[in-house]
Amino acid sequence: MTQGKPTFYITTPIYYPSDNLHIGHAYTTVAADTMARYKRLRGYDVRFLTGSDEHGQKIERKAKEKGLSPKAYVDPIVDSFKHLWNRLEITYDDFIRTTDERHIKGVQEIFQKIYDQGDIYKSEYEGWYCTPCEAFWLDRQLQKNEEGAWLCPDCNRPVELLKEESYFFRLSKYQDRLLKHIEEHPEFIQPASRRNEMVSFINQGLEDLCVSRTTFKWGIPVPTNQDHVIYVWFDALSNYITALGYGQAEQKDYQRYWPAQIHLVGKDIVRFHTIIWPIILMALDEPLPQKVFGHGWVLLDSGKMSKSKGNVVDPHVLIDRYGVDALRYYLLREMPSGQDIYYSEEAFASRLNTDLANDLGNLLHRSLSMVEKFSGAIFHVPLKEAEGAFEQEVQALAQKTIDDYEAYMERFDLANAHGAIMKLVSRMNKYVDERAPWALAKDSAKAEELKAVLYHMGESLRIATILMRSTMPNVPSKIFEQLGLAERKDLQGWEALRWGLLPEGTKTQKGQPVFPRIDLSALRAEIEAQAQADKEEEAVDKEKELKPIEPLKPEISIEDFAKLDLRLVEVLKAEKVPKTDKLLQLTVRLGDEIRTVVSGIALHYEPEQLIGKKVVLVANLKPAKLRGIVSQGMILAASHDNSLEVLMAQTDLPAGSQVK
RNA sequence: GGCGGUGUAGCUCAGUUGGUCAGAGCAUACGGUUCAUACCCGUAGGGUCGUAGGUUCAAAUCCUACCACCGCUACCA
């Protein structure tokens with residue numbers, strides 16, 4: 001049936017069901033869907049995959065808190081994913097869950113194969129683990145906060161030191177091959193800035209990757225060792241091929257669709273997709289995907305959107321308010337290729353008004369009004385002689401628009417692809433003005449010219465609407481209907497992207513405007529009111545809220561504590577360490593001894609605020625060099641989130657007093 | 001600290017290999033039109049193209065230094 005057609009396999013990341021999805025996820029999936037629809041329209045045999053990444057300690061814990069099995073906890077969340085994708089009219093061909101039997105089987109096959117050939121080996125892993133992020137971090141990746149606790153570089157929460165027997169994947173063995181591949185295939189990592197980052201990352205040397213865990217159970221067991229669970233990236237990335245049947249009995253789809261044309265991912269996970277994943281495939285001796293495209297983030301004024309910050313924008317609300325077509329258009333039109341955008345509802349509404357309501361919607365509406373008034377609601381094919389320079393220009397631009405759109409889409413430059421369509425629409429509005437059909441209508445000698453003008457308006461709209469079909473699931477068919485082409489499916493497809501197909505006698509059916517204008521001033525007022533309400537609510541919440549504290553460290557004895565020698569010291573001098581953000585160099589007095597201490601508190605204290613104060617020093621800490629300065633001890637401070645306070649004595653105890 | 005990137009009109013940004021490159025869209029002001037969803041069309045705004053040098057007949061476009069911001073990476077007792 002579809003034999004012989006070129007295939008196009010596109011994927012989104014599989015999303016983690018720990019919270020609701022926000023418009024950032026919506027962007028990724030809408031972008032992939034638009035590309036999938038575009039390729040289908042162009043006649044490709046498309047396979048579009050999305051899914052959910054359901055394993056891991058975090059899910060296990062959350063489920064336990066709710067008294068549910070992990071699967072039972074995750075099921076409704078996964079349903080909510082599918083519900084959102086349905087509302088956004090995402091036409092995925094397959095939705096893979098990492099809890100699917102097919103995936104589990106496939107991952108175990110993959111793991112076993114690589115293990116058997118010696119690229120996975122058992123060793124012992126000791127490392128810093130961030131529970132919320134479910135990630136181990138290398139020493140050199142960690143950040144240290146002001147009181148010396150190691151922090152996760154991702155979420156800035158404290159990490160724990162864990163030791164366990166683990167399986168390791170020999171990334172290092174494939175390092176050179178990977179680098180060579182990246183250099184020989186410049187299109188493999190897009191955009192180029194990401195490629196450069198990955199190249200420099202690889203050049204620093206890859207360390208073998210820990211690919212199993214024993215600290216939790218909720219995952220895919222290592223086939224030959226049930227104490228171990230296969231860890232996140234090995235599990236998650238494999239979805240792209242297990243969904244096609246890899247490692248299972250039926251591999252027809254794998255034969256057909258692999259390698260993928262594109263993995264669309266957020267820029268934060270480019271590294272995993274361009275280093276770990278290709279190396280897994282190399283170890284399997286399978287071909288690599290053609291392209292990994294790392295898109296930017298949808299940002300809010302208050303910072304990156306993330307689940308933990310809670311500042312999400314609910315796509316459902318936006319769909320209710322503006323409709324799916326408008327939301328999809330906005331996201332794709334505004335996000336510059338590979339860059340971030342700042343989302344605001346006002347910008348969204350403004351874009352909707354200018355592009356869709358004023359330009360496209362209004363062009364349709366005014367065109368049909370004129371056809372009704374001047375031509376009895378019928379399009380006529382004009383005589384060639386009636387076409388002048390303006391008509392030539394319009395026809396040429398229509399063809400250029402098609403070419404540009406296709407060129408941009410091939411480069412995954414969705415913003416410019418949509419911009420190209422709007423250029424045609426804008427030109428047509430100007431064309432109407434230039435040709436003034438209402439004037440032509442008054443002169444019976446210009447009847448043929450009038451036909452030509454109306455025809456060019458209709459034909460441009462038909463072409464622009466075809467180009468919008470990949471983006472907009474609903475409105476195009478309404479436009480075709482109003483143009484009188486509802487029954488002519490043959491004039492709505494990619495093969496109909498040629499000038500002059502609008503048939504003689506087409507009867508228009510003007511309807512309601514397809515994109516109603518948004519009242520911006522009302523919206524601004526509403527946003528204002530909402531912001532005010534949020535603020536008040538937030539203030540109340542803040543008072544009530546008891547944030548969970550960081551987990552306690554293991555118990556110690558009094559002897560352990562006695563090893564610490566804490567002393568009160570007087571700060572004599574304080575100055576910023578040059579070329580650092582966080583470091584202050586303090587000169588402190590301990591009895592009659594003068595010491596230098598470097599402390600990472602510059603973000604919270606001006607040097608003057610500390611001079612003369614009595615602070616607590618870990619006096620017997622082994623000295624260490626920081627930025628070339630020997631730090632003889634460490635100053636104690638309390639911190640929470642982004643606030644920090646250095647502990648100070650309130651009375652006039654002498655410098656050198658013990659703290660215990 | 002290393003590597004890379006960015007800094008152009010009020011806002012968002014285009015500007016290939018140096019010579020109509022000083023631009024587009026939005027916003028604003030004024031004018032026009034009436035077919036249209038107070039829409040569309042036109043005109044204007046005088047932005048030292050981050051700063052300071054340099055190369056060149058000629059630089060937003062090349063070089064150097066510096067400043068600011070961003071990304072990756074390292075460091076942060």
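Reminder, nothing fancy here: chain letters follow the sequence lines and each chain counts from 1. Only a predicted model underlies this, so the values are computations on that prediction, with no experimental measurement involved.
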| Under 4.0 Å protein heavy-atom contacts per nucleotide of nucleotides 25-32 of chain B, with B for base, S for backbone only and - for none | -S-----B

| message | Considering every strand and a 4.0 Å limit on heavy-atom distances, what is the contact class for A/Ser193: base, sugar-phosphate, or nothing? | response | nothing

Tabulate atom names and distances for all N/O pairs under 3.5 angstrom spanning the protein and nucleotides 68-71 of chain B.
residue, atom, partner, partner atom, Å
B/rG71, O2', A/Arg194, NH1, 3.1
B/rG71, O2', A/Glu197, OE1, 3.2
B/rG71, O2', A/Glu197, OE2, 2.5

| query | Mind checking what makes salt bridge (Lys or Arg N to Asp or Glu O under 4.0 Å) contact with A/Arg321, not counting sequence neighbours? | reply | A/Glu345, A/Glu526

| Atom CZ of A/Arg517 and atom P of B/rA38: how far apart are they, to the nearest Å? | 7 Å

| field | Parallel, tilted or perpendicular, as decided by the 30° and 60° cut-offs, for the rings of A/Phe293 and A/Phe412 | value | tilted

| Of residues 323-330 of chain A, the positions that come close to RNA chain B - non-hydrogen atoms, cut-off under 4.0 Å | none

| request: Select base, sugar-phosphate, or nothing to describe what A/Asn429 touches, counting heavy atoms under 4.0 Å on all strands. | output: sugar-phosphate

| field | Listed partners of A/Asp443 passing side-chain contact (heavy atoms from CB on, under 4.5 Å), at least two apart | value | A/Ala445, A/Lys446

Which pairs would a plain distance check flag for residues 347-355 of chain A, meaning a side-chain donor or acceptor within less than 3.5 Å of a matching protein atom at least two apart in sequence or in another chain?
residue, atom, partner, partner atom, Å
A/Arg351, NE, A/Glu334, OE2, 2.5
A/Arg351, NH1, A/Asp355, OD1, 3.4
A/Arg351, NH1, A/Asp355, OD2, 3.2
A/Arg351, NH2, A/Glu334, OE2, 2.7
A/Asn353, OD1, A/Ile518, N, 2.7
A/Asn353, ND2, A/Ile518, O, 2.8
A/Thr354, OG1, A/Ser350, O, 3.1
A/Thr354, OG1, A/Arg351, O, 3.4
A/Asp355, OD2, A/Tyr329, OH, 2.5

| Nearest of B/rU73, B/rC39, B/rU37 to any side-chain atom of A/Asn362? | B/rC39

| Lys/Arg N to Asp/Glu carboxylate O, A/Glu570 vs A/Arg589, below 4.0 Å | yes

| message | Taking ring-ring contact (aromatic ring centres under 6.0 Å, His included) as the definition, give me every residue that meets it alongside A/Phe188, ordered by chain and number, with sequence neighbours left out. | response | A/His181

| request: Could you note down all residue pairs passing salt bridge (charged side-chain N to carboxylate O under 4.0 Å, His left out) where residues 421-432 of chain A supplies at least one of them, sequence neighbours left out? | output: A/Glu393-A/Arg427, A/Arg427-A/Glu434

| Base, sugar-phosphate alone, or nothing: which one does A/Gly633 contact when heavy atoms must sit under 4.0 Å apart? | sugar-phosphate

| request: Kindly state each residue pair satisfying ring pair (Phe, Tyr, Trp, His ring centres under 6.0 Å) with at least one member in residues 351-377 of chain A, sequence neighbours excluded. | output: none

| Considering residues at least two apart in sequence or located in another chain, which fulfil the salt bridge (Lys or Arg N to Asp or Glu O under 4.0 Å) criterion with A/Lys478? | none

| task | Could you note down all residue pairs passing salt bridge (charged side-chain N to carboxylate O under 4.0 Å, His left out) where residues 508-517 of chain A supplies at least one of them, sequence neighbours left out? | result | none

| Would one find a side-chain N or O of A/Arg366 under 4.0 angstrom from OP1 or OP2 of B/rC40? | no

| Tell me, which stems hold RNA chain B, with a stem being 3 or more Watson-Crick or G-U pairs in a row and both distances under 3.5 Å? | B:1-7 with B:67-73, B:10-13 with B:23-26, B:28-32 with B:40-44, B:50-54 with B:62-66

